[in-house]
Each structure stands twice: as structure tokens, then as C-alpha cells.
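In this text the structure is predicted, and so the values were computed from the model without any measurement. Just so you know, ligand 1 is whichever comes first in the structure, and atom 1 is the first atom listed for that ligand.
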Amino acid sequence: MEVLGIDIGGSGVKGAIVDVKTGELLTSRYRIPTPHPATPEAVLKTVEEIIEHFEWHGLMGVGYPGVVKGGKTRTAANVHERWINFPVEMELERFTGQRVRVINDADAAGLAEMRFGAGRDRDGVVVMITLGTGIGVAMFTDGHLVPNLELGHIELGGEDAEHHAADSAREREDLSWKKWGKRVDRYLYTLEKLLWPDLFIIGGGVSKDWNKFAPYLEKVNVEIVPAEMRNQAGIVGAALAGVYEGNIHTIAVE
Ligand code: BGC
């Protein structure tokens, strides 16, 4: 089954047609730089350009970097504040004349990892963390997603955790892998004490540098692995959102 997946990110809006049975991209990724200011209208235009680029008329899903509930985007930590309470599904459905599912970007990445990557066939409580501009968190219990967990914003080191430990903090403060890795370690340890997961999956662009910071993840007692889908998780997961109905392990994709 083919589904269009689109990932709205801080620097780019990316899309590809995905085979949701295998998790493979059936086209190359089409990327448009995120407009600034990233207002709903400006970003939706880029989403619509991607839909037109693929001449797409079927199922589709979109990942958004904030809370999405009842078809509306509800928070806007790293995008324009006009996204708060924006009826994004309705607008896209009006444009496409089709059903469109919009979900949180970390939830999308989590769906992809749980179906095709590091969380494949894993039951119990799995927590996926994306370290990028912000910190995104997705939690699964026996394959069921608990959506919109905004645990990137718990307090850590006296500030918003994502300001302290996202990959953007490493870049902004020019932190060594060791210094940053220890911050991530503290963050994970805090989450461990709150959620008691069976597995942590670490994603986001920085997962490619796993070997550089993994040695500093010392406090955590839970199994912890890097994501496997790399920069495809957002698009593949957005496409999966287009067909997700409650359990990622048993999702119908024939
Ligand atoms: C947002 C989350 C999002 C994460 C990653 C955070 O600032 O609050 O909803 O998943 O960034 O983009």
C-alpha cells in the first residue's frame, strides 16, 4: 500500500511516497526549505506544493513538531504561534478532497521505529526520544501509541529540558560530546524514574553520531538503543499515521 508521508521540520518540509508494508521510500525525498516566518499559511503552501509535486490523490499523513489533537495543532514550541489551535486537518482535507492525518512528529518517528526499526515487535513500554531542534517523546505500550507526550519540556538543570539537552543545545553552546552526552544521560535518567520503560530508542539526526555520545549514557539502567531509520523516520512515520488505527504491530497495510 502506498501512502504519501510529509514531515514538517524546523529547516525543511520533506515528503516521499512510502510503501507502508515495507517501510521503503518509493520516490526520492522532495524537500522545500521551511518558510520564515513559519506561519500556518506559509507552511501549508509548502505542504501543498509537495502534494502537487507527487500529483498525489490517495491516503496521506503529516508530522508536525507540536501537539496535534482533534485535527488541530495545539502547541507551537519551535514554529509560529499562529499554529496554536489551527485546524490543520480540515485545511488539508479541503485542499486534497481526501482524508489527511496529522500527528506529532515524534509520534510519527516512533511509529516508524516501532514498525520497521529498533522497536520492531517490541512489547512492553517503549519510549522513543528525538533529539533535534527540540526534544520529542513518543511512548508505546504493547504497540499502542500514547500520543502527544510533551516530556521534552520537563525541567532539567533549572530550565526547559529541550533547551538544556536537545541537539540544538549542543550546537548553540558548542558542547563537547561528553558534556552534552552527560546532559542527555541526566534527562534519560529523569524519564526513567518517571516512566519505568523497558526500552529507550534515541532518534533525531544526531542518532548517526550515537557512538560519540553513547559512552556517556551511564546512569540509565534500561536498555537503550539508537534509532535505525535515521532521517527517514519522520516521512515513513507520517505515512504510517495515514493508516494507523491503534496498534503498530498489527497495523493493516496490505
Ligand atoms: C515539541 C514536541 C515535538 C518536539 C520535536 C518539541 O518542542 O513540543 O511536540 O515533538 O519538539 O520536534
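- Salt-bridge annotation for D185 and K182: absent, with no side-chain N of the basic residue lying under 4.0 Å from a carboxylate O of the acidic one.
- Listed here is the closest heavy atom pair of T73 and W83: OG1-O, 2.6 Å.
- Below 4.0 Å from some heavy atom of G136 lie the following atoms of ligand 1, by number and element: 4 (C), 5 (C), 10 (O).
- Salt bridge status for R99 with E93: absent, with no side-chain N to carboxylate O gap under 4.0 Å.
- Below 4.0 Å from some heavy atom of E150 lie the following atoms of ligand 1, by number and element: 1 (C), 2 (C), 8 (O), 9 (O).
- Using a 4.5 Å cut-off on side-chain heavy atoms (C-beta onward), R230 and S207 make contact.
- At a 4.0 Å heavy-atom cut-off, ligand 1 does not touch T133 at all.
- The pair R94-E91 meets the salt-bridge criterion, with a side-chain N (NZ, NE, NH1 or NH2) lying under 4.0 Å from an Asp/Glu carboxylate O.
- Scanning all heavy atoms of the two residues, the minimum distance from R122 to D198 falls at NH2-O, 4.1 Å.
- The ligand atoms of ligand 1 that sit less than 4.0 angstrom from a heavy atom of N104 are 2 (C), 3 (C), 9 (O), 10 (O).
- Protein heavy atom at the shortest distance from atom 10 (O) of ligand 1 is D105 OD1, 2.6 Å.
- Of the residues R31, K14, R29, the one that meets the salt bridge (charged side-chain N to carboxylate O under 4.0 Å, His left out) test with D7 is K14.
- In the vicinity of H153, heavy-atom distances shorter than 4.0 Å reach the ligand 1 atoms 1 (C), 6 (C), 7 (O), 8 (O).
- Atom CG of residue L151 and atom CD1 of residue I129 lie 8.5 Å apart, to the nearest 0.5 angstrom.
- For P65, heavy-atom contacts with ligand 1 shorter than 4.0 Å involve the backbone as well as the side chain.
- The shortest heavy-atom distance from T75 to ligand 1 is not under 4.0 Å.
- When only interatomic distances are considered, the shortest N/O to N/O separation between T130 and ligand 1 does not fall below 3.5 Å.
- By the 4.0 Å heavy-atom criterion, I135 is counted among the residues contacting ligand 1.
- Counting atoms of ligand 1 from 1 in the listed order, those under 4.0 Å from a heavy atom of N78 are 7 (O).
- Considering every non-hydrogen atom in both M139 and V125, the closest pair reads SD-CG1, 3.8 Å.
- In the vicinity of E162, heavy-atom distances shorter than 4.0 Å reach the ligand 1 atoms 6 (C), 7 (O), 11 (O).
- Ligand 1 lies out of reach of G152, whose nearest heavy atom is not under 4.0 Å from it.
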